[in-house]
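The structure appears right after this line, and notes come after that.
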Amino acid sequence: MTHKGSAVLDDLQARGLVHDSTDLASLRQRLDDGPITVYCGFDPTSDSLHAGNLLMLLNLRRFQDGGHRPIALAGGATGMIGDPSGRSEERNLLDDAQLAANLEGIVPQLRRFLDFDGGLHPARLVDNRSWTIATSVIDFLRDVGKHITVNQMLGKESVRSRLESASGLSYTEFSYMLLQANDFYELYRLDGCELQIGGSDQWGNIAAGIDLIRRRTGSHAFGLTSPLLTRRDGTKYGKSSTGANLWLSAQKMSPFRFHQAWIGTPDEDVRKLMLQLTLLQVHDVEELVAAHQLSPERRVAQRRLAREITALVHGDDQADAAEQAADLLFAGGDPRLVDAASWEMLCREVPLATFDPSRLSGEGAVPAELFAELGLASSRSEARRLLEQRGWMVNGRRLEPHHRLTSADLIMERYVLVRRGRSDFHVLSAS
RNA sequence: GGGUCGGUGCCCGAGUGGCCAAAGGGAGCGGGCUGUAAACCCGCCGGCUUACGCCUACGGAGGUUCAAAUCCUUCCCGGCCCA
């Protein structure tokens, strides 16, 4: 490492990724003194991580690239309790099977973004069950609970907001903070971990851990939070424009859809997202933004953003495929002219539904009925409404009111390309 | 336990016997403009039907009435007050 250990901090600040921090000057000094061990926790509340988690994963990566040692923590134990932070209502407890399935989903995702093998500071992946499960209630209350007063806990925003709400806060969730504080303590004790990072909603939990470490060891640990990923209107990202979560799992959201979600990024958000969700250098981002502003209709920034994030999450090959599919679909040409290989690729990228070819014989199929059956619309009424509102395109042409689908509409004697609205594509396949 | 107010469509919220598939707002969806952007404009927004229309729905279950989201009985749930 030729550069200073605190360079990562400058980078984070330049990217707008520092929301709250313990004494920044001390942290800077500590980073310059040598590699630090930094951790961030991810609770298995679902079987996949989403775009919001991606931001923190990349932050760990930034620390690793900056010469520090990252630990990704899978919250096998805390996931059983449920973090009340940022939540207006009590969580439902996960059962063992669900938790196991969720961990199985997210652990490989955690592995993907860090370097676990090479270098002087390989990343580590831990599960907080390893030190939590065997702990007795008595030990926990004596060793952890004794050091934190209820008075402090009541002062935390996550607790206070819930105390004022109608749904209240169970003792279980109230205790969550102690578990996370103990995680930090254990990682400090076992691995010399001195820094915890997280989303800004984690500040209370992180501070509790720092307090616990100080009380039990007299040492100073550090905390750093990043702003939650929000749109210009303040709503959380992680959700796509359609309201669905932006899942990192290809099973839950196809790479194509994932890529498309970022393509649709509003101009005002694109700079921030490039800074916070990609590993592009800050000055490269500024160049891209400048180029974008010169001719925004080319959408170079959005394209690059989508490219970078999709490649990070799904790999270069998948990003290529998603780009090609998008070019094909949005170029506006006649899809019947597309070659077989491209069609195959398209079928992998775009949601595919199969139907019985006999539907096309005779009079042919009523499009609205077929589309509703295949899930392209939630009911026949909706499909019909869309037809009235000119919301359907079949094979690149506006669907006419009385058109029937027949074998003449098949591409490659097998496929129908359906577009609903502006950018919702489906391939129907006669099986 | 007593009293009282309330539970309406995805959310908020009007409606107190027919004019109610139910005002208004938000979200969402489609179209237009543009750039697969934002803003803005128009339309749609329970289901079935080409359509006339039919069915289901205003916390649950019964009842009164030609007619109920609206009245009565009862049950469930929530807020507030008293104990």
Practice problem: Say whether A:S48 and A:Q109, considering side chains only, have a donor N or O and an acceptor N or O under 3.5 Å apart. | Solution: yes

Quiz item: Which side-chain hydrogen bond (donor to acceptor under 3.5 Å, both in side chains) pairs, counting each pair once, include a residue from residues 348-364 of chain A, with sequence neighbours left out?
Solution: A:D356-A:S358, A:R359-A:E373

Practice problem: Enumerate the residues from residues 363-372 of chain A whose closest heavy atom to RNA chain B is under 4.0 Å, giving them by residue number; use none for an empty result. | Solution: none

Quiz item: Does B:rC80 pair with anything, Watson-Crick or G-U wobble, both distances under 3.5 Å, and if so, with which nucleotide?
Solution: B:rG3

Practice problem: Could you pull out all residues at least two apart from A:Y176 that satisfy ring-ring contact (aromatic ring centres under 6.0 Å, His included)? | Solution: none

Quiz item: Is A:R299 salt-bridged to A:D267, cutoff N-O under 4.0 Å?
Solution: no

Between N or O atoms, less than 3.5 Å apart, protein on one side and nucleotides 9-11 of chain B on the other: list the pairs.
none

Quiz item: Between the side chains of A:Q64 and A:D115, is a donor N or O closer than 3.5 angstrom to an acceptor N or O?
Solution: no

Quiz prompt | Flag, side chain of A:N53 to backbone of A:H50, donor-acceptor distance under 3.5 Å | solution = yes

Quiz item: For B:rC71, which nucleotide in any strand shown is its Watson-Crick or wobble partner with both distances under 3.5 Å?
Solution: B:rG63

Quiz item: Taking the six-membered ring of A:F425, is the NZ or CZ of A:R420 close enough (under 6.0 Å from the centre) and on axis enough (within 45°)?
Solution: no

Quiz item: Please give, in whole Å, the distance from B:rG31 P to A:R390 CZ?
Solution: 8 Å

Exercise. Quote, to the nearest angstrom, the P distance that separates B:rC76 from B:rA68.
Key: 26 Å

Quiz item: When you measure from the side chain of A:S342 to the backbone N and O of A:V338, does any donor-acceptor pair fall under 3.5 Å?
Solution: no

Practice problem: Please give the nucleotide sitting opposite B:rC29 as a Watson-Crick or G-U wobble pair, both distances under 3.5 Å, or none. | Solution: B:rG43

Self-check item: Atom pair distance, as rounded to whole Å: CD in A:E388 and P in B:rC29
Solution: 19 Å

Practice problem: Give the B/S/- string for nucleotides 35-42 of chain B, one per nucleotide from 5' to 3', where a protein heavy atom under 4.0 Å of the base yields B, of only the sugar-phosphate yields S, and otherwise -. | Solution: BBBS----

Quiz item: Of A:R420 and A:H402, whose closest RNA chain B nucleotide lies nearer the 5' terminus?
Solution: A:R420

Quiz item: Distance only, no hydrogens: is a donor on one side chain within 3.5 Å (strictly under) of an acceptor on the other, for A:Q196 and A:Q180?
Solution: yes

Quiz item: In residues 374-385 of chain A, what residues come within less than 4.0 Å of RNA chain B, judged by heavy atoms?
Solution: A:S379, A:R380, A:S381, A:R384, A:R385

